[in-house]
Amino acid sequence: MTVVALQWSRCTAFLRELDQSLLLAACAIATIGLVMICSASISFAEHTYGDAFFYLKRHLMFLILGVAVAGVFLSVPSRFWYHYGVPLLLLTLLMLLAVLIPGVGRRVNGSQRWIPLGPINLQVSELAKFVMILFTAGYLERYQRELRENWRYFAKPIGLVALIALLLLLQPDFGSAVVMAATVLGMLFIGGARLWQFSLILVAGFSAMASVALMSPYRLQRLVTFLDPWADQYDSGYQLTQSLIAFGRGEWLGVGLGNSVQKLFYLPEAHTDFVFAIYAEEFGLIGVALVIGLYILLVSRILHVARRAVALEDWFAAYSCFGIATMLAGQAFINMGVTSGLLPTKGLTLPFISYGGSSLLMCCAMVALVLRINREMDDVPAVARQVRRDRAEL
C-alpha cells in the first residue's frame with residue numbers, strides 16, 4: 001500500500017506540473033467525444049454487429065491507448081523528436097508507399113488508407129500529418145536563416161510536401177493532403193519565407209487542388225452539391241441535407257442526449273465525419289458554442305506555449321507548437337464547416353470527438369508533446385543548454 005500511495009503521489013504531482021487549462025480542454029473534448037460516439041453509433045452498431053456498444057468499446061480502447069501514447073510523449077524529452085524527425089519521416093514515406101500495395105493496405109469504401117496491425121487499423125495519413133510537423137519544425141530550426149536568404153531552402157520542404165500530398169491523393173485522401181499542406185505552409189511562413197515565395201506557392205497550390213477536383217468527377221460533384229445541396233437532396237446532396245436537418249432540429253438547447261432522430265439511419269457516417277451534426281441536434285446552439293469554446297481554449301493554450309518557446313529561442317518547440325495548433329484548429333474548422341454546409345464535403349475527423357483510432361492517437365500525442373514542452377520551459381537553464389548543444393552539433 002505504501003508503494004501504491006507513493007506512486008499515486010508522484011503521478012498527481014506530475015499532473016499538477018502540466019498546463020492545467022490545456023489538459024482540461026483536451027480531456028473535456030475527449031469526454032464529449034466518448035459520449036457522442038456512444039449516442040451516435042448505438043443504433044447502427046446494434047443493427048450491424050448485434051452489439052449496441054461496439055463502437056463505444058473500440059473508441060474507449062483507442063482512448064486508453066491514446067493515454068498510453070501520451071504517457072510516452074510526456075516522458076520523452078522534446079528534443080528527442082528534433083533528432084529523429086528525419087528517420088521518422090523516411091519510415092512514414094515507406095508506410096505511405098506500403099499502404100498502396102494490394103494485400104498490404106486495406107481498402108474501405110473505395111479508399112485504401114489503412115495498414116492492418118492486428119486488432120487495429122493504422123491510418124497512415126494521420127501519422128504523416130504529425131510527422132511532417134516534427135520534420136518541418138526541425139528543418140526550420142536548422143535552416144531558418146537560409147530560408148530567408150535562399151529560395152532553394154524554401155523549395156526543399158515544398159517538394160517533400162508535394163510528394164506526400166501525391167501519395168495521399170493516390171489513396172485517395174484529399175482532405176488530409178490539404179490540411180497537411182496548409183499546416184506546413186503556415187509553418188514556413190512563420191519561419192520567415194518571403195511573401196513572394198509564399199504567394200507563388202499558394203497560387204500553384206490552389207491551381208493544383210482545382211485541377212484535381214475538376215479531373216475527379218466525384219470531387220467536382222461534391223463542390224456542385226455543396227453550393228446547393230437541396231437541388232439533389234436524395235442523391236449527391238443527401239448527406240449534407242440530413243446534416244443540416246440535424247442542425248435545424250437542435251435549435252437552442254437541443255433535443256436531449258440520445259434523442260437524435262438523424263442518427264437512426266438517416267445521416268450516413270453519423271459517428272465519424274458527421275458526429276458534430278448529431279451533437280448539434282442533441283445539444284443545440286448552446287452545446288455547439290461550448291465545444292467551439294473548448295477548441296479555442298485548447299488552441300490558445302498551445303499558442304501560449306509556442307510564445308514561451310520563442311522567448312527562449314527554442315525554435316523546434318515553438319514551430320512544433322504552432323504546427324500542432326494550426327493542424328488542430330484547421331481540422332476542427334473544416335469538419336464543423338463541412339457538417340454545417342459552410343465548406344464542401346471532406347473526409348476529415350473532428351479532433352478528439354469523431355470515431356477513428358489513428359486520429360485519436362495522434363491527437364493525444366500532439367497535445368502530450370505540447371504539455372511536455374511547456375513543462376520543460378519551467379526549467380529554463382536546462383532547455384537553453386540543450387538547445388545550445390544541439391546547435392553546436394550542426
Side-chain angles (χ1 to χ4, degrees), residues 28-48 52 55-56 59 109 174-175 179 218-298 328-356 359:
I29 297 172
T31 301
I32 291 173
L34 188 64
V35 173
M36 288 313 303
I37 292 302
C38 178
S39 178
S41 68
I42 192 166
S43 299
F44 181 75
E46 174 67 31
H47 178 266
T48 307
Y55 289 106
L56 173 64
H59 192 76
N109 295 329
F174 187 71
V179 170
Y218 82 95
R219 289 196 183 102
L220 182 61
Q221 185 62 42
R222 282 184 174 185
L223 292 175
V224 175
T225 301
F226 148 73
L227 296 174
D228 187 10
W230 302 100
D232 195 9
Q233 59 180 303
Y234 296 111
D235 190 8
S236 59
Y238 179 79
Q239 190 170 29
L240 181 54
T241 55
Q242 295 303 315
S243 179
L244 293 175
I245 290 172
F247 272 90
R249 293 191 74 251
E251 298 184 349
W252 285 95
L253 298 175
V255 298
L257 178 62
N259 294 326
S260 166
V261 172
Q262 294 305 105
K263 69 183 181 184
L264 303 177
F265 305 101
Y266 289 102
L267 179 61
E269 309 296 336
H271 59 290
T272 55
D273 299 343
F274 280 78
V275 68
F276 189 65
I278 304 301
Y279 175 81
E281 183 182 4
E282 296 189 345
F283 291 94
L285 179 62
I286 302 301
V288 167
L290 173 63
V291 167
I292 293 175
L294 288 172
Y295 277 115
I296 291 174
L297 175 61
L298 180 74
L328 293 177
Q331 197 156 318
F333 174 76
I334 291 174
N335 183 277
M336 293 178 184
V338 166
T339 55
S340 61
L342 180 65
L343 298 172
T345 303
K346 292 285 178 293
L348 285 174
T349 57
L350 185 59
F352 288 108
I353 293 182
S354 294
Y355 176 79
S359 174

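Computed from a predicted model, the values in this text were never measured in an experiment.
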Write down the atom of [X], the atom of [Y], and the distance for their closest heavy-atom approach.
X: Ile29; Y: Pro351; result: CG2-O, 3.8 Å
X: Phe352; Y: His59; result: O-NE2, 4.5 Å
X: Tyr279; Y: Val288; result: CE2-N, 3.7 Å
X: Val275; Y: Ser354; result: CG1-OG, 3.5 Å
X: Asn259; Y: Val255; result: ND2-O, 3.0 Å
X: Ser43; Y: Leu264; result: OG-CD2, 3.1 Å

Tell me, yes or no, whether the heavy-atom count around Phe333 atom CZ, taken from other residues, nucleotides or ligands under 6.0 Å, exceeds 12.
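12 or below, so no.
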
Hey, what do you get for [atom1] ([X]) to [atom2] ([Y]), rounding to the nearest 0.5 Å?
X: Ser260; Y: Tyr266; atom1: OG; atom2: OH; result: 10.5 Å
X: Ile37; Y: Ile32; atom1: CD1; atom2: CD1; result: 12.5 Å
X: Thr339; Y: Leu348; atom1: OG1; atom2: CG; result: 11.5 Å
X: Leu240; Y: Ile245; atom1: CG; atom2: CD1; result: 10.0 Å
X: Met336; Y: Leu343; atom1: CE; atom2: CG; result: 12.0 Å
X: Ser243; Y: Asp273; atom1: OG; atom2: CG; result: 11.0 Å

Check: Thr48 side chain, Ala45 main-chain N or O, donor-acceptor pair, under 3.5 Å
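Such a contact is absent between Thr48 side chain and Ala45 backbone.
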
Would the distance check show the side chain of Ser39 and the main-chain N or O of Val35 forming a donor-acceptor pair, the cut-off being under 3.5 Å?
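No, the answer is negative, given that no donor and acceptor are paired below the 3.5 Å cut-off.
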
Inter- and intrachain pairs under salt bridge (Lys or Arg N to Asp or Glu O under 4.0 Å), touching residues 274-286, at least two apart
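Listed by first then second residue: Arg249-Glu281, Lys263-Glu282.
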
Could you go through the side-chain contact (heavy atoms from CB on, under 4.5 Å) check for Leu285 and Glu251 one step at a time?
CA-CA 6 Å; Leu285 179 62; Glu251 298 184 349; over 6 Å; no

Using 30° and 60° as the class limits, which term best fits the ring planes of Phe44 and Tyr55: parallel, tilted or perpendicular?
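It falls in the parallel class, under 30°.
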
For the residue pair Phe274 and Gln242, establish whether any side-chain heavy-atom pair is separated by less than 4.5 Å.
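Sidechains of Gln242 and Phe274: no contact.
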
Residue list, side-chain hydrogen bond (donor to acceptor under 3.5 Å, both in side chains) with Gln331, at least two apart or on another chain
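By the side-chain hydrogen bond (donor to acceptor under 3.5 Å, both in side chains) rule, Gln331 matches Lys129, Thr349.
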
Please say which of Ile353, Val338, Val291 ends up in a side-chain contact (heavy atoms from CB on, under 4.5 Å) with Phe276.
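One option only clears the test, and that one is Val291.
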
Stepwise side-chain contact (heavy atoms from CB on, under 4.5 Å) check, Ile334 with Val179:
CA-CA 9 Å; Ile334 291 174; Val179 170; 3.7 Å; yes

